[in-house]
2 protein chains.
Amino acid sequence: MARSAVKLADVAKAAGVSQGTASNVFSRPEVVREEVRERVMATARELGYTGPDPKGRLLRAGKVNAIGVATAEPLSYFFEDPFARVVMSGITEICDAHGAGISLVSAMNDEKLAWNIQSALVDGFILFCIEGGPRLVDLTRERQLPFVALELGINDPTISGIGVDNLAGAKQAARHLAELGHQRYGVLAMPFFDNRSGPIPFSEVPTAIYSDSRSRVAGYFLVLQEFGIDVDAIPIYETEGEEETARQGIDYLMSLDAPPTAIFCMSDRIAIAAIERLQERGLRVPQDVSVMGFDGVPEGAFCKPPLTTMAQPIAEIGRQAVKAILEDDGEVKRVTLPVELIVRESTAPPPR
Amino acid sequence: MARSAVKLADVAKAAGVSQGTASNVFSRPEVVREEVRERVMATARELGYTGPDPKGRLLRAGKVNAIGVATAEPLSYFFEDPFARVVMSGITEICDAHGAGISLVSAMNDEKLAWNIQSALVDGFILFCIEGGPRLVDLTRERQLPFVALELGINDPTISGIGVDNLAGAKQAARHLAELGHQRYGVLAMPFFDNRSGPIPFSEVPTAIYSDSRSRVAGYFLVLQEFGIDVDAIPIYETEGEEETARQGIDYLMSLDAPPTAIFCMSDRIAIAAIERLQERGLRVPQDVSVMGFDGVPEGAFCKPPLTTMAQPIAEIGRQAVKAILEDDGEVKRVTLPVELIVRESTAPPPR
DNA sequence: AGCAGAATTTGAACCGATACAAAAAGATGT
DNA sequence: ACATCTTTTTGTATCGGTTCAAATTCTGCT
């Protein structure tokens, strides 16, 4: 910056060559005669010129060689949320392989978010569409760069997106618990709407703005119904996807007249908090209550008891997302990945 | 990109104003007459122009408004290593507050690393100086941008750096174990050199290229000596800072004729792996062997038993680093943060 | 020496904006 | 109507490179 005002043109002049040649010395050394190349290099060294400034190149080249990863959450989300971290691992893997950089984009408020998305120096975006997802998509569309949405709730067929088969996953989860013989269920849901939590009647679920949560409830209930369960009586508690409301959800569910013996949690993070809360309340998992997660984050394997869950191919989601950006051909690309039941120790037949 | 070839100049021409005015419409709307502003905006909308391209602005402005975080490890390091994650939280916190973006920079091989550092679009760098630290510093210095090193090993007084008081920390750790009455110690060290692990004689420690590891050994031994321990007899095992070599270290230490009753681990990550391995070998922590960590990562509080450790103010390291970049005044800025002993349950008096 | 073809080098256009001095237009006062 | 301020608008230089057609210099050969 201030330290070096030397630019390519200065070097060229000092070395007595045209700017074009000087440029070639750095970006295509093989085309310039060795003698000239050495002279230019020497002059550059003398002048303290350390090579072309990427800012200049960028403008001409048009490509930044970096992809933006954006969310409406604070930046720390990427390093703290277990799911996000595994997705990021997948993203970094492909970026590393392509030599592409990663820019993290987020913002505290809407205005800043808009600005940050508008001005991020990237070739494309990967969107973590959680809370505030639709807004994030709109903002990014404005930018007219390739982007792909990680469908952590949203499911808009007009844009590229990577998601999982929520319905199939939820059905499989339900089948597992139903086959264990449970009769009384509860659901600790991911958000259906923004900024709210609490019990929610089944009848309101179809109006949810987050389709993943909707599909999962649908999947659970479809199978449960097949098993002859009265799904209308199953209590659903909407969390905000984090620990605090998950705990409140447990308190709510377990204080009902006929508390559930099996609980569907729509994320492992919720499930782990749920287990903790159940244990605090003196209940044993899985002997008294079975807990089923969703996501398959690494933490699930290490909690006590290890969590039974529907595992998403989380890292693969990240990989596919990067590929969708890097190999963007202007087409809308939609990928649905399978989920897999991982039975560990948080589920068992109902008590008695 | 390909989708919109419309540029500011086109809008200006179409709206019948000068490019200067068009620019003002977007960046300083208050100076242009409302009527004109609306006309330009309308034209822009018609043409599908969504606002100034940051690439152009960048060149003119010189500032990118993003800081680069670089390491010689793969990019996934930022999302997987517990220490790095907490540092990143601190970094993101300040970046969020300043509206600055974050670019992650790394590379598989040296050549790529050099290129990525040369071409990263950032205003400054924060360097995670672990393995390959000195090289990373050299590469970054070339770039002639402000940078600050996180002294995870290196300690070069000519560059800005954020570190902790390793010597004081190590001394305090040693005092804790010595006061519990331990007589036989072992050390599971962070790397002294690149790409090696295994037992290492005390006499070689002073030649280590990573000064943190050196200081810590010095601190341990200084205090132990005060307590009348024969420090020359203390076995030191150099790990590569991860689980595998840490486990091998335990196997080595515990197979000695007089295995230690207390083990200094130079990181919590090593300590946690060590505890696991000890337990696999049928030893109880802390009844049979005491384990002392270093770092204070969150995981330490949740492992069994909870880890006694020397806690660094990890997030603060990140915060200070960003501040050093953002408030760069060309001065070398060196910060040494204190560490704090956190006694949990992995240390106890020696058996018998 | 003369010439075709290959290897280098040049020069200017261009990438997409912002900034700023100077010009033009408008407002105010007498 | 005229001089004096203000407010807007214009034109153009600049940021720091890359690119590419055209010009120049080298080769090897006859």
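Chain letters run A, B, ... following the sequence lines, proteins first, then strands; residues in each count from 1. Computed from a prediction, not measured in an experiment: that's the story for all the values here.
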Check A/Thr43 against A/Ala14 and note the closest heavy-atom contact, atom names and distance. CG2-CB, 3.6 Å
Nearest heavy-atom contact between B/Ile325 and B/Gly124 is CG2-CA, 4.0 Å
What pairs of nitrogen or oxygen atoms, one from the protein and one from nucleotides 20-28 of chain D, lie under 3.5 Å apart?
none

B/Arg60 or B/Gly16: which one's nearest nucleotide on DNA chain D is closer to the 5' end? B/Gly16
Quickly work out the [X] [atom1] to [N] [atom2] distance and round it to whole Å.
X       : N      : atom1 : atom2 : answer
B/Lys63 : D/dC15 : NZ    : P     : 17 Å
A/Arg57 : C/dC15 : CZ    : C1'   : 14 Å
A/Arg37 : C/dT9  : CZ    : C1'   : 14 Å
A/Lys13 : C/dG11 : NZ    : P     : 13 Å
A/Glu30 : C/dA7  : CD    : P     : 13 Å
B/Glu35 : D/dT8  : CD    : P     : 12 Å
B/Leu8  : C/dA19 : CG    : P     : 12 Å
A/Asp10 : D/dG17 : CG    : C1'   : 12 Å

Geometric class of the B/Phe128/B/Phe78 ring pair [parallel <30°, tilted 30-60°, perpendicular >60°]: perpendicular
Phosphate OP1/OP2 of [N]: any [X] side-chain N/O under 4.0 Å:
X       : N      : result
A/Lys7  : D/dG17 : no
B/Thr21 : D/dT10 : yes
B/Ser27 : C/dT18 : yes
A/Ser18 : C/dG11 : no

Flag the pair [X] / [Y] as yes when at least one side-chain heavy-atom distance between them is below 4.5 Å, and no otherwise.
X        : Y        : value
A/Val164 : A/Pro313 : yes
B/Lys7   : B/Gln19  : no
A/Thr158 : A/Val332 : no

Would you mind checking if A/Arg141 and A/Asp138 are paired as a salt bridge, meaning a charged N to carboxylate O distance below 4.0 Å? yes
Compute the angle between the rotation axes at the two ends of the helix from C/dA1-D/dT30 to C/dT30-D/dA1, each taken over five pairs, rounded to 10 degrees. 40°
Let's go through A/Thr50 and B/Arg143 carefully: what are the C-alpha distance in whole Å and the side-chain angles of both, what is the deciding distance for side-chain contact (heavy atoms from CB on, under 4.5 Å) to 0.1 Å, and is it a yes or a no? CA-CA 7 Å; A/Thr50 53; B/Arg143 182 68 191 275; over 6 Å; no
Tell me if a side-chain donor or acceptor on A/Arg39 pairs with a main-chain N or O of A/Ala15 at a distance below 3.5 Å. yes
Donor-acceptor contact below 3.5 Å, side chain B/Arg85 vs main chain A/Phe79: yes
Given that B/Ser23 and A/Val36 both sit by DNA chain C, which one's nearest nucleotide is further toward the 5' end? A/Val36
Suppose we call a contact any N or O donor and acceptor under 3.5 Å apart; does that hold for the side chain of A/Gln19 and the base of C/dA12? no
From the set C/dA17, D/dG17, C/dT10, return the single nucleotide nearest to any side-chain atom of B/Pro52. C/dA17
Among C/dG16, C/dA13, D/dT9, the nucleotide that comes nearest once only the side chain of B/Leu59 is considered: C/dG16
